[in-house]
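Notes follow once the structure below has been shown.
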Amino acid sequence: MNFQKKILCIGAGYVGGPTMTVIADHCPQYKVTIVDINEEKIAAWQTDELPIYEPGLLDVVKRTRGKNLFFSTDIVKEIDEADIIFVSVNTPTKTFGEGKGKASDLQYLEKTAHAIVAASNSAKIIVEKSTLPVRTAEALEKILNSNEKGIHFEVVSNPEFLAEGTAIRDLENPDRVLVGSRETEEGFKARQTVVDIYKNWVPDERIIRSNVWSSELSKLVANAFLAQRISSINSISALCEKTGADVTEISRAIGADSRIGNKFLNASIGFGGSCFKKDILNLVYISETLGLTEVAEYWENVIKMNEYQEKRFVKRMLVTMFNTLANKKIVLFGFAFKADTGDTRETPAYYVAKMLLEEHANVFITDPKALKNAKIDLAEFGDKVNYIEDPYEAAKEADAIAIMTEWNLYKTLDYKKIYDSMRKPAHLFDGRNILNLSQIEEIGFDSHAIGIQ
Ligand code: UDX
Ligand code: ADP
């Protein structure tokens, strides 16, 4: 089949995989290929055991795979053949040197840029899909356009706003698509080419065009604002626990104000995920390096509040359970950073588990999709942590249950059966406010939720 254009995505992860699959689904006229250095991942994308769990993803993959969606590890060949290259490699927080713990580690991005230069024999549009510090496009352009082949690469920023667990829905029906470019003739042309991809299914009024720096920074700011809302309501949850106000009632009351809006007001054990902390740290680092100390401090507090929330949760468990957790069996219901994903990056459950282990508790973990990742994350603790898929089995003889992830499954369990199998007094700490506490108390549990006295 003759395809109109060849689109390549470098990086087959949580962002690249779903995004490109949906593009392929809506654009049969384009050939879409996803490459990765990780051979295992690429092999898995070609089976029905995809390397990531995302509701609805497999259906779209099955519809497109082998028709106009392809997976490969032949990065050199695919770069050479591509007209448009989406770069979707990981950009974790630096763990060494200057900016350690805050700045983005751009080594994978830079390697990718050099790989593109080495393998290319014609002009291409390079699309930044990974979340990047503002002005990264400048560095990328420098590396790409300092090639000796005389090839021009135009860099466009198109940050991805999908949330895990709802990736397919978010991609099918996005609030907005953002495409930023240089405001030159070449830049506008490249911007239009990227816009034309999305126009296949996204209404034009939802496609926002901007300059490249605004696009890069908007992604960081969107995540910072979302995280800030969670830290704000979590700070209020601490106040509620001391005053008798109920944080869920406060969320409802303030969320009804259309200026505030009702989303992202669920008080919780804290936010996790690969983006929020990383992106805020990045914002903090950029602000610091530009001498904007007050701006940096302002945003850093969003992370501090999140850490406080995790610590506060464990402290409450400790105090409730008579100031000792040593040798008590505590079961974490959920380890994923949110429901409907197996992803455990920056999951609050990890920090809670670590603090419980420091208190010498016997930690058991159950989760429908994240046990494999949990085992990797907590490998250093060896057999001090137990992993059981069945929540009923996990809860047997436990002293306490702590709900870490808002899986639907945990809303519908038979808590009477669980209570009967536990040691008494049986404690339940709802870190996601998903259970009806009066019903839980009626069963006999000593129960506690976030932001409720
Ligand atoms: C986020 C952004 O939503 C998305 O736009 C961006 O592209 C990537 O980062 P994600 O991390 O996948 O997406 O999940 P999100 O739904 O934003 O949740 C992040 C964390 O906040 C989770 O741990 C979630 O449980 C927590 N959360 C969310 C709350 O504690 N309370 C809320 O009200 C909402
Ligand atoms: P995200 O959540 O941003 O998608 P992931 O870590 O899930 O991040 O995915 C990033 C992917 O990029 C990984 O599968 C990784 O193997 C891949 N990757 C990193 N560096 C390169 C590279 N130089 N060439 C190809 N793929 C790469």
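Order of appearance sets the numbers: ligands from 1, and atoms from 1 within every ligand. All values below were derived from every heavy atom in this structure, side-chain atoms included, with hydrogens, water molecules and symmetry-related copies excluded.
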Checklist entry - Going by an N to O cut-off under 4.0 Å, is there a salt bridge joining Lys411 and Asp430? => result no
Item to check | Part of Leu226 within contact of ligand 1 (heavy atoms, under 4.0 Å) | outcome: side chain
Checklist entry - Does a side-chain N-to-carboxylate-O contact under 4.0 Å join Asp25 and Lys67? => result no
Checklist entry - Do any N/O atoms on Phe337 end up under 3.5 angstrom from N/O atoms on ligand 1? => result yes
Checklist entry - Aromatic ring centroids of Tyr285 and Trp299 under 6.0 Å? => result no
Checklist entry - Out of Asn433, Ile269, Leu435, which one pairs with Ile403 under the side chain to side chain contact (heavy atoms under 4.5 Å, CB included) rule? => result Leu435
Next on the checklist: For atom 30 (O) of ligand 1, which of the options Ala163, Ser268, Gly272 provides the nearest non-hydrogen atom?
Outcome noted: Ser268
Item to check | Lys/Arg-Asp/Glu bridge criterion (N-O < 4.0 Å) met for Glu138, Arg135 | outcome: yes
Item to check | Identity and distance of the protein heavy atom lying nearest atom 12 (O) of ligand 1 | outcome: Glu164 N, 2.7 Å
Next on the checklist: Please compare Asn90, Val15, Asp36, Ile34 and report which has the shortest non-hydrogen distance to atom 19 (C) of ligand 2.
Outcome noted: Asn90
Item to check | Protein contact to atom 23 (N) of ligand 2 [nearest heavy atom, distance to 0.1 Å] | outcome: Thr112 OG1, 3.5 Å
Checklist entry - Any nitrogen or oxygen of Phe161, main chain or side chain, under 3.5 Å from a nitrogen or oxygen of ligand 1? => result yes
Checklist entry - Under a 4.0 Å heavy-atom limit, does Glu160 contact ligand 1 with its side chain, its backbone, both, or neither? => result backbone
Item to check | Cation-pi geometry met for Arg176 and Phe161 (6.0 Å, 45°) | outcome: yes
Item to check | Lys219: numbered ligand 1 atoms lying under 4.0 Å from its heavy atoms | outcome: 6 (C), 7 (O)
Item to check | Cationic N near anionic O, under 4.0 Å, Arg312 to Glu241 | outcome: yes
Checklist outcome for this item: Among non-hydrogen protein atoms, atom 1 (C) of ligand 1 lies closest to Phe276 CE2, 3.4 Å
Checklist entry - Does Lys111, backbone or side chain, put an N or O under 3.5 Å from an N or O of ligand 2? => result no
Next on the checklist: Check for me whether Lys277 meets the cation-pi criterion with Phe271, that is, NZ or CZ under 6.0 Å from the six-membered ring centre and within 45 degrees of the ring axis.
Outcome noted: no
Item to check | atom 16 (O) of ligand 1: the protein heavy-atom neighbour that sits closest, reported with distance to 0.1 Å | outcome: Lys338 NZ, 2.8 Å
Item to check | Closest approach of any protein heavy atom to atom 7 (O) of ligand 2, naming residue and atom | outcome: Tyr14 N, 3.1 Å
Checklist outcome for this item: Nearest non-hydrogen contact to atom 31 (N) of ligand 1 from the set Asn266, Leu162, Ile233 belongs to Asn266
Next on the checklist: Is there a polar contact between ligand 2 and Arg345, counting only N or O atoms under 3.5 Å apart?
Outcome noted: yes
Checklist entry - What's the shortest distance from atom 24 (N) of ligand 2 to any protein heavy atom, and which residue and atom give it? => result Ile10 CG2, 3.7 Å
Next on the checklist: What protein heavy atom lies closest to atom 9 (O) of ligand 2? Include the residue and the distance to one decimal.
Outcome noted: Gly13 CA, 3.3 Å
Checklist entry - Hey, do the aromatic rings of Tyr30 and Phe3 have their centres closer than 6.0 Å? => result no
Checklist entry - Taking the six-membered ring of Phe153 as reference, does the NZ or CZ atom of Lys124 fall below 6.0 Å from its centre and within a 45° cone about the axis? => result no
Checklist outcome for this item: for atom 26 (N) of ligand 2, nearest protein heavy atom and its distance come out as Ile37 N, 3.4 Å
Item to check | ligand 2-proximal atoms of Glu39, by part, heavy-atom distance under 4.0 Å | outcome: neither
Checklist entry - Looking at Glu288 and Lys102, does any basic side-chain N land under 4.0 Å from a carboxylate oxygen? => result yes
Item to check | Nearest protein heavy atom with distance in Å, relative to atom 2 (C) of ligand 1 | outcome: Asn223 OD1, 3.5 Å
Item to check | Protein residue, atom and distance nearest to atom 25 (O) of ligand 1, heavy-atom basis | outcome: Arg432 NH1, 2.6 Å
Checklist entry - What do we get for Lys263 next to ligand 1 when only non-hydrogen atoms under 4.0 Å count, side chain, backbone, both or neither? => result neither
Checklist entry - At what distance is the nearest protein heavy atom to atom 29 (C) of ligand 1, and which residue and atom is it? => result Ile230 CD1, 3.6 Å
Item to check | Flag side-chain contact, heavy atom, 4.5 Å: Val195 against Arg209 | outcome: yes
Checklist entry - At a 4.0 Å threshold, what atoms of ligand 2 neighbour a non-hydrogen atom of Lys41? => result 13 (C), 14 (O)
Checklist entry - Does a side-chain N-to-carboxylate-O contact under 4.0 Å join Asp377 and Arg345? => result no
Item to check | Between CG on residue Leu226 and SG on residue Cys275, distance to nearest 0.5 Å | outcome: 10.5 Å
Checklist entry - Can you find a non-hydrogen atom of Glu346 under 4.0 Å from ligand 1? => result no
Item to check | Ser88 and ligand 2 - part of the residue with a heavy-atom distance under 4.0 Å | outcome: backbone
Item to check | Check: Asn158/Tyr198 side-chain N/O donor and acceptor closer than 3.5 Å | outcome: yes
Checklist entry - Can you tell me the protein heavy atom closest to atom 8 (C) of ligand 1 and the distance? => result Cys275 SG, 3.4 Å
Next on the checklist: Are more than 12 heavy atoms, taken from residues, nucleotides or ligands other than Lys263, located less than 6.0 Å from that residue's NZ atom?
Outcome noted: no
